[in-house]
2 protein chains.
Amino acid sequence: MTSPDLDHVADDPPPPARRYTKGDRTKERIVEAAADLFSKSGYLAVSQRDIAAQAEITHAGLLHHFPGGKDELLMQVLERRDADDAVVLFDEHLDAWGHLDQTVRIVERNARTPGLVALYAKLSNEASDVNHPAHTYFRRRYEILREHFATVLGELVDRHGDRSALDPDTVAQQLIALLDGLQTQWLLAPETIDMRARLVDFLALLGVDTTGWRTDSA
Amino acid sequence: MTSPDLDHVADDPPPPARRYTKGDRTKERIVEAAADLFSKSGYLAVSQRDIAAQAEITHAGLLHHFPGGKDELLMQVLERRDADDAVVLFDEHLDAWGHLDQTVRIVERNARTPGLVALYAKLSNEASDVNHPAHTYFRRRYEILREHFATVLGELVDRHGDRSALDPDTVAQQLIALLDGLQTQWLLAPETIDMRARLVDFLALLGVDTTGWRTDSA
DNA sequence: CGCATAACTAACCATGTGGTAAGTTCTGCC
DNA sequence: GGCAGAACTTACCACATGGTTAGTTATGCG
C-alpha cells in the first residue's frame, strides 16, 4: 500500500502507545470478548470456543494466553471492572454524602450498561456454590462493600444523627440488598424499574437529604 | 414375605392413596430430583442424565415422562413451589398486617431451605435472558409480587398513614428488592446475614410496628 | 389370565466441550 | 538479517450432552 518509509511513519511510535506487545493486545481483546459474552449469557453458558471466536482466535490460541481457561478469564473480567468501581467508591477525599452521591452515580452508570449488570447479577448468585470459581471473590466483595457502606452510614449517623437507633452495619446490608434486588427486577423489566429513583427513595427514608443532587452527569 | 391375602391388605387401598399410577410416582420422583439438583447447581449446570441418575432412572426413561427435557422439568419445579407460596401469600382472610406477618414467616422458612432459595436466586437472574425458558415466568412472577405488596402497603398507608408521601408501588419494588438482595448475601455468607431481622428493620423504617410478632413458629 | 399399553432400558448418534501435541507463522530484539 | 521465542493454527483426544430408535419388562384392567 505505502512505501517502506511511510509505513514506518504509520506504525505506532515505539515509546508511548506501543509498550504493549502484540500478545498483550490480544489478551485484552480476549478479556473484552469474555466480558461481553459472560454479560450476555452468564458464565456457565459460555464456552472457551465462543470466547475465542468472538476474539477472532482459535480456542487453542486462547488457552495459550489463559491456560486456566474460563475460570482465569472470569477473574480477569471481574477484577478489571472492580478496579473501575474502587476508584470512585473508595475515594479518600469524599465525605459520607460524597460517597452516597457516588453510589447514586454508579447506579446511573449501571442503568446504561445492562450487560455488565447482568453479569454480576448472574454470577453473584451462581457463585453461592462453594466450588464456583468466583465464590471467594464474591464473598470478599460483599464483605468489602458492607464495610464500606457501614463506615459511610456510620459517619452519617454521627453527624446528622436524627434517626437514632439505626445500626450502620445492618443498614449497610439493607442498602446493598436493595441495590442487588433492584437489578434483578430491572433486568427482567427495565421499563418498570427506576433503580436510581428507588435508591434515592431509600436514602430519603434513612433521613438523607438528596435534594439538589444532580439527576445525571453524562 | 406375606401371604397373598395379607399382601392385598398391605397394598395401598385402590380408592384413596392409590390413584397414582406408577408413572405418576416416578414423575414426582423425577421432579423432586430435578428440584434438588437445580437447587444445588442452578439450571444450566445440571444435565438430564444427572437428574435421571438421582431419580434412579435412565435419561431416556426421563425423556419418556418429560419429552420437553429440562425446560419442562424446570417449569414443573417452579410451579410446584409457587402453589405453596400462593396459599400463604394470597390468603383472602388476612389484612395488611397479616400479609406482612406471612411474609416474615416465608422469610423464616426460606432461611431453613437454602436449596430452594438458591434455585430461585440463580434462576431469577439467569432468566433475564429473553430466551431463557423461565423468562416470562419470572417477569410475571415479579409483576404479581409487586402488585401484591403494593396492595398490602397501600392498605397500610390508608389506615395508619403516618409516613405521608410513601407510594405503595415503589415501596413494593423496594421491599421485594430487599428480600432478593438479602438472599444473595445470605447464600454467600449465611452466618453474617439475618434475613428476617433485616426485613423487620425495613418494615420498622416504614413505620410498621412489628413488636409482638412471633419470632418463630416451628 | 391375558394382553394392550405404559414404563422403561440398551445402544446408538451427532454435536459440543475442555484439553493436548505438534507443527507453522509471526515479532521483536540483538 | 537472522533467529529465539512468543503467538498462534491444525488436528487430534476423551468425554458429556441432548436426542432417537428399537427392543424389553412391567402394570393394571377387562
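None of these values were measured; they are calculated from a predicted model. The figures that follow rest on heavy atoms only: side chains count, while hydrogens, waters and symmetry mates do not. By convention in this document, chain letters (A, B, ...) are assigned in the order of the sequence lines, proteins followed by strands, and residues within each chain are numbered from 1.
Among the nucleotides dA6(D), dG19(D), dG18(C), the one closest to the side chain of Ser47(A) is dG18(C). Distance from the side chain of His65(A) is smallest to dA7(D) among dT17(D), dG19(C), dA7(D).
One can place CZ of Phe66(B) at 14 Å from P of dG19(D), the figure rounded to the nearest angstrom. One atom, CG of Asp24(B), and another, P of dG28(D), lie 10 Å apart when rounded to the nearest Å. Atom CG of Leu44(B) and atom C1' of dT17(C) are 15 Å apart (whole Å). Across the protein-nucleic acid pair, Ile57(A) atom CD1 and dC8(D) atom P stand 5 Å apart, rounded to whole Å. Atom P of nucleotide dC8(C) and atom CG of Leu63(B) are separated by 13 Å, given to the nearest angstrom. Glu72(B) has its CD atom 11 Å from the P atom of dG19(D), to the nearest Å. Between the C1' atom of dG19(D) and the CG atom of Asp71(B) lies a distance of 14 Å, rounded to the nearest Å. Per the geometry, CD belonging to Gln48(B) stands 8 Å off C1' belonging to dG19(D), to the nearest Å.
Salt-bridge check for Arg139(A) with Glu191(B): passed, with a basic side-chain N closer than 4.0 Å to an acidic carboxylate O. The existence of a salt bridge linking Asp129(B) and Lys122(A) is confirmed by a sub-4.0 Å separation between a basic side-chain nitrogen and an acidic carboxylate oxygen. Salt bridge annotation for Asp24(B)-Arg29(B): absent, with no cationic side-chain nitrogen under 4.0 angstrom from a carboxylate oxygen. Between Lys27(B) and Glu72(B) there is no salt bridge, since no side-chain N of the basic residue sits under 4.0 Å from a carboxylate O of the acidic one.
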Please produce a list of atom pairs where a protein N or O lies less than 3.5 Å from an N or O of nucleotides 1-5 of chain C.
none

Output one line per pair: protein atom, nucleotide atom from nucleotides 10-14 of chain D, and distance, for all N/O pairs under 3.5 Å.
none

Please tabulate, one pair per line, each protein N/O and nucleotide N/O from nucleotides 1-5 of chain D that are separated by under 3.5 Å, including the distance.
none

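Here the shortest heavy-atom pairing between Leu187(A) and Ala121(A) reads CD1-CB, 3.8 Å.
Checking Gly23(B) against Gly68(B), the closest nucleotide of DNA chain D that is more toward the 5' end is the one next to Gly68(B).
Applying the side chain to side chain contact (heavy atoms under 4.5 Å, CB included) test to Arg109(B) and every residue at least two apart in sequence or in another chain returns Arg81(B), Asp85(B), Ile106(B), Arg112(B). Among residues two or more places apart in sequence or in another chain, the side chain to side chain contact (heavy atoms under 4.5 Å, CB included) test is passed with Lys70(B) by Phe38(B), Tyr43(B), Gln48(B), Ile51(B). Residues satisfying the ring-ring contact (aromatic ring centres under 6.0 Å, His included) criterion with His99(A), sequence neighbours excluded, are His148(A). Listed by chain and number, the residues in a salt bridge (Lys or Arg N to Asp or Glu O under 4.0 Å) with Asp194(B) amount to none (sequence neighbours excluded). Every residue two or more places apart in sequence or in another chain that forms a salt bridge (Lys or Arg N to Asp or Glu O under 4.0 Å) with Asp36(B) is listed here: Lys40(B).
The salt bridge (charged side-chain N to carboxylate O under 4.0 Å, His left out) pairs that include a residue from residues 52-67 of chain A number zero, where partners must be two or more places apart or lie in different chains. A side-chain hydrogen bond (donor to acceptor under 3.5 Å, both in side chains) check over residues 174-185 of chain B, counting only residues at least two apart or in different chains, returns the pairs Asn125(A)-Thr184(B), Arg146(A)-Gln185(B), Tyr142(B)-Asp180(B).
In this structure a side-chain-to-backbone donor-acceptor pair under 3.5 Å is missing from Thr58(B) to Ala60(B). The closest donor-acceptor contact from the side chain of Glu155(B) to the backbone of Ala96(B) lies under 3.5 Å.
The phosphate of dC8(D) (OP1 or OP2) has a side-chain N or O of Lys22(A) nearer than 4.0 angstrom. A sub-4.0 Å separation between OP1 or OP2 of dA7(C) and a side-chain N or O of Thr26(B) is absent. Contact annotation: Thr21(A) does not reach the phosphate of dA6(D) (side-chain N/O to OP1 or OP2, under 4.0 Å). Within the structure, a side-chain polar atom (N or O) of His64(A) is placed less than 4.0 Å from OP1 or OP2 of dA7(D).
In the region residues 27-41 of chain B, proximity to DNA chain C at under 4.0 angstrom, judged on heavy atoms, holds for none of the residues.
Using five terminal pairs a side, the axes of the helix from dC1(C)-dG30(D) to dC30(C)-dG1(D) at its two ends make an angle of 10°, given in steps of 10 degrees.
Screening Val171(B), Ile176(B), Ile144(B), Asp169(B) against Phe149(B) for a side-chain contact (heavy atoms from CB on, under 4.5 Å) leaves a single residue, Ile176(B).
Side-chain contact of Asp50(A) with Ser47(A): a donor-acceptor pair under 3.5 Å is present, judged by distance alone.
Counting heavy atoms of neighbouring residues, nucleotides and ligands inside a 6.0 Å radius, atom CD of Glu143(B) exceeds 12 of them.
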